[in-house]
J.: 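This is the structure I have questions about; it appears just below.
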Amino acid sequence: MYHISDCRKYIRCPHLFVYKEEAESSTYIPFVRLDESMTELVKKRLGITDCFEGKRGDEASLALQALSNSEWLVNARFEHDRLRVKMPFMHKNEEGWDLYFLFTGLFPRGDNLLYYTSTVWVLEHNGILIKDIRIVHLNGDYVRGEHLDPMELLQISDQFYTSRNHPSGNVRDRIYKALYDMTGLLDEMDACSKETLPPAVRTSRCTTRSRCSAYESCFPEETAEEDSSVLFLTGSSERYAMKKEGILRMKDVPSERIEGLRIQYAEILADCNGGLFADRLALKNWLSSIHYPVTFLDFEWDTFAVPPYEGMKPYDVLPFEYSVHILDEDGTLTHKIFLSENDCRREMAEALLRDIPETGSLIAYNAEGAEKIRLGELAAQFSEYRDRLLDMADRMEDLQLPFESGMVYDLRMRGQWSLKTIMAMMDAPGYSDLDIREGMQAVLEWRTMENDTDAEEKEKIRNDLEAYCGMDTYAMTVVLDWLRKLV
Ligand code: SF4
């Protein structure tokens, strides 16, 4: 029996479908945290007090029986052909059934309807007469008070939305227009196996948005590529074609076959120069904007679909830790760390004001995408600290800039410039000795620490989190020192 997730993988790529079947046991860490039971919140929103409630592993006959006995069906499992679906909420009226799908985002999109069409396809083949179709989703304007209010938190919509959040069409009309017989797809999935698949072919779907999770399994030979390989030419649309034609190194790429990005010139020149390129003039200019005391800042945070604390909105983030290294002109390095459980926003804002000097430069890695945003959020929440927090954001320099803009490139970066890559490249004491080595692992450990009652275990996690976040700011001091030595 297949689930919709299997169809989705197969449609994206048959190799992903086969690979995922093999890697079923791999651990998935949800990026967004959902502590509340959405089912219970929606039941309150829809006024459901009495219902049939399905569960994982139910025989499909149970839901069919419930159709005649219950006015509301919640999470009922239905099957048709080789497909099994879960219908979140169904309500019986005099003419048939109203369906309520659940979408835990803010605006249900009408661009990928597979989830809706497959469910409706199965329900119709079970003889269910479908009337209205609506979607229950989170309300992005909702601000939590002391308690969660499901009536305000959740919206019921009969519209899909565009990527700009404008209504894009009636839910029922769009689903029925896109409905198709899924038998052919299920036949294809049945016939698809490791033995019948042709070799994987690299296309834009392998790397668009983010690299496909099966990438290394499909193209294991890439991990053995030389540092100078043309495959590491950032943003090149022709790198695979060039490799096929025998252009193996970046220094051999004809100028008319590059897009002309500054980082591409840096990569090619690094290969020509024997491994390193540095635009010393540009770098010197950038470094001249860094003033003592230099403060390096890094935050860790969790993201919540449903706001857990007063004043928060759906999908707000909660920073739970920061590390600060302060470098004085005489070379003295001071380290401060803040780590807390539960709602620590006010204490964190106050600690930042105490720990970060009011003068000098503030440095973060990927500042625009993270630390500046976190400071802006705290400034918006605590008006009494607003000006000082915004001043910190204004003083912030992004240490990633020299790398992403092609001021510096070392072939050992292999097309990447995360702090971890650069530390590994410099053979500096780094992340490999730590128990926490990834941002998402830190988030997962913090979630565990929040719920753990074992004092010893809490202490171990606390130490690991402090070591990880502290390493991020320490690594920045090493990288800045390296850049200074280059000029
Ligand atoms: S890496 Fe490409 S070929 Fe391999 S599973 Fe992913 S999308 Fe398919």
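As a basis for the values below, the full set of heavy atoms in this structure was taken, side chains included, without hydrogen atoms, waters or symmetry mates. Each ligand, and each atom within it, is numbered from 1 in the order the structure gives.
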J.: Say whether S236 and Q264, considering side chains only, have a donor N or O and an acceptor N or O under 3.5 Å apart.
T.: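 Looking only at side-chain atoms, Q264 and S236 do not form any donor-acceptor pair under 3.5 Å.
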J.: Under 2.8 Å from atom 6 (Fe) of ligand 1, which protein N, O or S atoms do you find? Ignore water molecules.
T.: C212 SG
J.: For the residue pair Y161 and F107, categorise the inter-ring angle as parallel (less than 30°), tilted (30 to 60°) or perpendicular (more than 60°).
T.: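 The rings of Y161 and F107 stand perpendicular, inter-plane angle above 60°.
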J.: Under 30°, 30 to 60°, or over 60°: which ring-plane class applies to Y116 and F101, parallel, tilted or perpendicular?
T.: perpendicular
J.: Applying side-chain hydrogen bond (donor to acceptor under 3.5 Å, both in side chains), can you list everything that pairs with S229, at least two apart in sequence or on another chain?
T.: E225
J.: Can the positive tip of R345 be found less than 6.0 Å from the middle of the six-membered ring of Y309, inside 45° of the ring normal?
T.: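 Relative to the ring axis of Y309, which defines the angle, R345 lies outside at least one limit.
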J.: May I ask you to check whether F17 and Y10 place their ring centers less than 6.0 Å from one another?
T.: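 For F17 and Y10, the ring centres are under 6.0 Å apart.
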